[in-house]
> 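Take a look at the following structure, please.
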2 protein chains.
Amino acid sequence: MYSLAEENYLKAIYHLESKSQGAVSTNAIADAMDTKPSSVTDMVQKLAEKEVLSYIKYKGTSLTKKGKKTAANVIRKHRLWEVFLVEKLNFHWDEVHDIAEQLEHVHSEELISRLDKFLGFPDFDPHGDPIPDKHGNVKPTEKKLLSELNKNQKGVCVGVKESNSDFLQYLDKKNITIGTKVSVLGKEFFDGSMVIQVGRDQFFISKKIAENLYIQTN
Amino acid sequence: MYSLAEENYLKAIYHLESKSQGAVSTNAIADAMDTKPSSVTDMVQKLAEKEVLSYIKYKGTSLTKKGKKTAANVIRKHRLWEVFLVEKLNFHWDEVHDIAEQLEHVHSEELISRLDKFLGFPDFDPHGDPIPDKHGNVKPTEKKLLSELNKNQKGVCVGVKESNSDFLQYLDKKNITIGTKVSVLGKEFFDGSMVIQVGRDQFFISKKIAENLYIQTN
DNA sequence: CTTTATTTTTAGCCTTGACTAAAAATAAAA
DNA sequence: TTTTATTTTTAGTCAAGGCTAAAAATAAAG
């Protein structure tokens, strides 16, 4: 069982590692966690003893298999709770992070497996990020911005990039939500605007909109 | 904002106070919280400074209005989460306490108010205990054991006393759950057995069963 | 290849919340 | 009303996690 602080470190290191290959620097962790490098050194040494990461002085850290699994599990919980908050409690996508940040530390395997079932075994959270399975595996996914698709390509909406209230309301009006199928009927190279099909509706969208919607294409 | 430890103390003192009128002794708190009296003294002095309780050396403590409200709010959260776990995630009544113990410390007014709505504004948790409102008020309730009712009295099932698996399965079979209306059609003084009406069914129950079901009669 | 700048670590201290052992109040018994 | 027992408090420690300031590595520049 890991403490709240330990879980947060593992999570942060997991994210940093996936963004920039290779060992993660002490400063980078301190930065991500809004804490001081000296505190990071302490914690990282402690976590190295618990064998969730390997740490070489002055060289940085990287998660072990065990550490990756633990981190992925915390992330799994975070994302499942986000789905719950949006789908069941009708929060908006951009309101749920802080709450999920707390809920992710509730310890109970059974709780999470039942929550998963209750939510219909979702694959993505409301931001379009994939939800790891209970073994910590993340399905490799083909997530693109809608603006990167070309004519006749299609996919499923899995999230938004930046979520301001106006944009979310626009999506609402157009009946676009997580899981909605979207097809590109036409694309204007001139301004990046598109004509897309959503359900039985066809309509025009600007480049700005297209750059804010994540689509999964496989 | 109160720490996890502080919230747990407030909750424990609240419960102790409601059971035994007057100031609560240091030992009683230590006992309830499975900690040492010296630790309790420390914490209680800290909480007295925060004005959530009044404390007189060697005399004991009692919650202030502010403290009562805070404690009731934690209890409110605990009980709402228990309802969620049972009603939505299909946990059994006796499995939910430890999980709710963690969930109750998640800080978000909005979360709780939405959860409350999602659950249909329940008045009781799965154990039949009343859920305080957001101001910390507990509706004064007329909760009795079914065995205390007499012929022609009726009420609503609000919980169970002891919940073992066999008993819960029995209730399941008879379609008795939280909110079920129950009427006493007959009562045998000889052995305490009863004939009751549940929905359109009428059947016989033993004293043992009747002593394990809480009924609200107002 | 030194010198300087940056990054990382160490050492020492702080707060929270708990503990033990000893002292001080209070309560009970003789 | 003393004496004894019980309860409560105080004093001093400890572990977790964080911080600051200073020292030590590493990297960058001259």
Side-chain angles (χ1 to χ4, degrees), chain A residues 1-14 16-17 19-63 67 70-71 74 101-102 104-105 107, chain B residues 1-14 16-17 19-63 67 70-71 74 101-102 104-105 107:
Chain A
M1 192 94 349
Y2 298 90
S3 73
L4 196 147
E6 289 171 335
E7 288 189 347
N8 282 332
Y9 272 95
L10 291 174
K11 194 170 47 122
I13 296 168
Y14 183 96
L16 289 169
E17 224 172 8
K19 269 180 211 157
S20 48
Q21 322 293 37
V24 177
S25 80
T26 300
N27 264 7
I29 300 172
D31 232 65
M33 305 222 10
D34 201 32
T35 185
K36 300 290 168 185
S38 56
S39 308
V40 173
T41 302
D42 285 352
M43 180 56 95
V44 144
Q45 288 176 341
K46 201 179 92 185
L47 290 174
E49 275 179 17
K50 295 198 176 183
E51 318 220 283
V52 287
L53 53 80
S54 58
Y55 161 67
I56 304 169
K57 267 192 187 180
Y58 295 103
K59 292 292 178 184
T61 63
S62 55
L63 296 180
T70 306
V74 176
E101 204 78 0
Q102 299 179 61
E104 75 190 6
H105 300 293
H107 292 293
Chain B
M1 193 94 349
Y2 299 91
S3 73
L4 195 147
E6 289 172 335
E7 288 188 349
N8 281 333
Y9 272 96
L10 291 174
K11 192 168 50 123
I13 296 167
Y14 183 96
L16 290 168
E17 223 171 9
K19 270 179 210 157
S20 49
Q21 320 293 38
V24 177
S25 80
T26 300
N27 263 7
I29 300 171
D31 233 67
M33 305 222 12
D34 200 32
T35 184
K36 301 290 170 186
S38 56
S39 308
V40 173
T41 302
D42 285 353
M43 179 56 94
V44 144
Q45 288 176 342
K46 201 180 92 184
L47 290 174
E49 274 178 18
K50 295 198 177 183
E51 320 222 281
V52 286
L53 53 79
S54 57
Y55 161 67
I56 304 169
K57 267 191 186 182
Y58 296 104
K59 292 292 179 185
T61 63
S62 54
L63 296 180
T70 306
V74 176
E101 204 77 1
Q102 299 178 62
E104 74 190 9
H105 299 292
H107 292 293

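Within every chain, numbering begins at 1; the chains are lettered A, B, ... in the order of the sequence lines, protein sequences first and strands thereafter.
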> Please tell me if the side chains of A:Glu101 and A:Lys11 come closer than 4.5 Å, counting only heavy atoms from C-beta onward.
yes

> Considering only heavy atoms, which members of residues 22-29 of chain A lie under 4.0 Å from some atom of DNA chain C?
A:Ser25, A:Thr26, A:Asn27

> Check whether any side-chain heavy atom of B:Met33 lies under 4.5 Å from a side-chain heavy atom of B:Ile13, and answer yes or no.
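Answer no - side chains too far apart.
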
> State which of C:dA18, C:dT9, D:dG18 makes the closest approach to the side chain of B:Tyr9.
C:dA18

> With a 4.0 Å heavy-atom cut-off, tell me which residues in residues 47-60 of chain A come close to DNA chain C, sorted by residue number.
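Under 4.0 Å from DNA chain C: A:Tyr55, A:Lys57, A:Tyr58.
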
> Grab the two heavy atoms, one from B:Val44 and one from B:Thr61, that are nearest each other, plus how far apart they are.
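Result for this residue pair: CG1-CG2, 3.3 Å.
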
> With heavy atoms under 4.0 Å as the rule, sort A:Ser39 into base, sugar-phosphate or nothing.
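Here A:Ser39 touches the bases of the nucleic acid.
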
> Got a sec, which residues hit side chain to side chain donor-acceptor pair (under 3.5 Å) with A:Lys36, two or more places apart in sequence or on another chain?
none

> Check whether any side-chain heavy atom of B:Val40 lies under 4.5 Å from a side-chain heavy atom of B:Tyr9, and answer yes or no.
yes

> How many Å lie between CG on B:Asp31 and C1' on D:dT6, as a whole number?
14 Å

> Are A:Glu104 and A:Asn8 close enough, and set up right, to give a side-chain contact (heavy atoms from CB on, under 4.5 Å), and what steps lead you there?
CA-CA 10 Å; A:Glu104 75 190 6; A:Asn8 282 332; 3.5 Å; yes

> Let's see if you can work this out: which of D:dG18, D:dC19, C:dT20 has an atom nearest to the side-chain heavy atoms of A:Met43?
D:dG18

> Let me know the distance between CD of B:Gln45 and P of D:dA11, rounded to the nearest Å.
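The answer, rounded to whole Å, is 10 Å.
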
> Distance check needed: C:dA18 P versus B:Glu6 CD, whole Å only.
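So the two atoms are 10 Å apart, to the nearest Å.
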
> Just how far, in rounded Å, is P of D:dA15 from CG of A:Asp42?
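Atom-to-atom, A:Asp42 to D:dA15, this comes out as 15 Å.
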
> Distance-only, no hydrogens or angles: does the B:Glu7 side chain make a donor-acceptor pair with backbone N or O of B:Val74 under 3.5 Å?
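No: the side chain of B:Glu7 does not pair with the backbone of B:Val74.
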
> Less than 4.5 Å apart, any side-chain heavy atom of A:Val24 and any of A:Lys19?
no

> For the pair made of CG in B:Leu4 and C1' in C:dA18, what is the distance, rounded to whole Å?
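Rounded to whole Å, this separation is 14 Å.
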
> Taking atom P of D:dG18 as reference, at what distance in whole Å does atom CG of A:Asn8 sit?
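Rounded to whole Å, this separation is 9 Å.
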
> Measure from the side chain of B:Ser38, starting at C-beta and using heavy atoms only, and say which of D:dC19, C:dT20, D:dT8 lies closest.
C:dT20

> Specify the separation, in whole Å, of atom NZ of B:Lys36 and atom P of D:dC14.
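In whole Å, D:dC14 P lies 18 Å from B:Lys36 NZ.
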
> Could you pick out which residue, B:Val40 or A:Pro37, lies toward the 5' side of DNA chain D when each is mapped onto its nearest nucleotide?
B:Val40

> Has A:Glu51 got more than 12 heavy atoms of other residues, nucleotides or ligands less than 6.0 Å from its CD?
no

